[in-house]
Amino acid sequence: MDIYLISGLGADRTIFRNLTFSSAENIHYLDWIDPKPKESLKEYAFRLAEGIDRSVPFAVIGLSFGGIAGNYHPQLTVLTSSVPTKQDLPWYFRLAGRMRLNKLVPVFKPKTVPRFIASFFGVETKDDHVCFQQLLESTDPRFTKWAMDAILEWDRTETPPGLIRIHGSRDNVLPTDPGKVDYLIRGGGHFMIYNRADEISGILAKLLPGTS
């Protein structure tokens with residue numbers, strides 16, 4: 001089984017470094033590519049999917065913004081800290097999209113992130129904060145600006161079939177109804193793929209063929 005991992009907005013493959021997989025799994029990372037001008041999230045997702053070898057069975061694990069993984073129709077799709085449709089976005093995301101407030105956000109990269117903002121994202125320990133800061137430093141602000149626009153203009157209304165959701169009960173970025181998720185991580189925030197990796201690895205071991 002080939003496993004493809006897609007990181008969240010503002011993150012790269014290092015966010016997955018605490019996850020563990022069976023030695024039988026072939027792990028691949030779909031790193032972000034440069035978006036085209038005015039490219040939609042759906043169009044971007046299909047271009048990103050060109051990095052998938054469809055000649056063999058595969059699964060996709062998408063984190064947060066990596067939830068675009070739902071477009072790929074693999075043998076298994078797992079969304080972590082993400083939502084499957086635009087209706088599942090928080091009301092303030094949808095309101096911002098309708099009011100086009102994203103167009104007012106300037107393109108910039110913060111040098112440092114205050115602790116209280118980092119904690120909103122689920123950053124808990126000093127190690128978490130170091131990783132969080134490193135991820136922000138490696139992010140292209142132009143990509144972030146495009147991604148914000150694309151998310152708020154996202155038009156998916158139907159949940160892809162066979163999709164599995166893993167979500168934290170304390171996710172402040174994408175709060176969700178616990179009844180709509182398949183696996184709820186108690187106390188998990190938006191950064192739980194990093195600081196709750198043991199729990200998530202255990203769940204993935206049950207879901208991925210040949211690892212349980």
Got a sec, which residues hit side-chain hydrogen bond (donor to acceptor under 3.5 Å, both in side chains) with [X], two or more places apart in sequence or on another chain?
| X | answer |
| --- | --- |
| S40 | E43 |
| D128 | T125, N195 |
| D53 | S55 |
| E124 | R196 |

Starting at [atom1] of [X], measure out to [atom2] of [Y] and round the result to the nearest 0.5 Å.
| X | Y | atom1 | atom2 | result |
| --- | --- | --- | --- | --- |
| Q134 | D12 | CD | CG | 9.5 Å |
| L163 | T77 | CG | OG1 | 5.5 Å |
| N18 | I193 | CG | CD1 | 9.5 Å |
| T80 | I15 | OG1 | CD1 | 9.5 Å |

Residue pair [X] / [Y], side-chain heavy-atom distance below 4.5 Å:
| X | Y | value |
| --- | --- | --- |
| T157 | K86 | yes |
| W146 | L41 | yes |
| D140 | W32 | no |
| L204 | I200 | yes |
| L174 | S81 | no |
| N172 | F121 | no |

With sequence neighbours excluded, what pairs up with S201 under the side chain to side chain contact (heavy atoms under 4.5 Å, CB included) test?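 Once residues adjacent in sequence are excluded, the partners of S201 under the side chain to side chain contact (heavy atoms under 4.5 Å, CB included) criterion are L19, T20.
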Check side chain to side chain contact (heavy atoms under 4.5 Å, CB included) between Y29 and all other residues, then give those that pass, not counting sequence neighbours.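 Here the qualifying residues are L5, R13, F16, I27, D31.
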Applying ring-ring contact (aromatic ring centres under 6.0 Å, His included) to F191 and not counting sequence neighbours gives F132, Y194
Sorted by chain and number, sequence neighbours left out, ring-ring contact (aromatic ring centres under 6.0 Å, His included) with H28 holds for Y4
Apply the hydrophobic cluster definition, ILVMFWY joined by side-chain contacts under 4.5 Å directly or through others, and give me every member besides V130.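 Besides V130, the cluster holds no residue at all.
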With clusters built from Ile, Leu, Val, Met, Phe, Trp and Tyr whose side-chain heavy atoms come within less than 4.5 Å, directly or transitively, what are the remaining members of the cluster of V56, listed by chain and number? none
Contacts table for residues 176-188: side-chain donor-acceptor under 3.5 angstrom, sequence neighbours left out:
from: T176; atom 1: OG1; to: R165; atom 2: NH2; distance (Å): 3.2
from: D177; atom 1: OD1; to: G179; atom 2: N; distance (Å): 2.9
from: D182; atom 1: OD2; to: R165; atom 2: N; distance (Å): 2.8

Does the R156 side chain pair with the main chain of P84, one donor and one acceptor, at a distance under 3.5 Å? yes
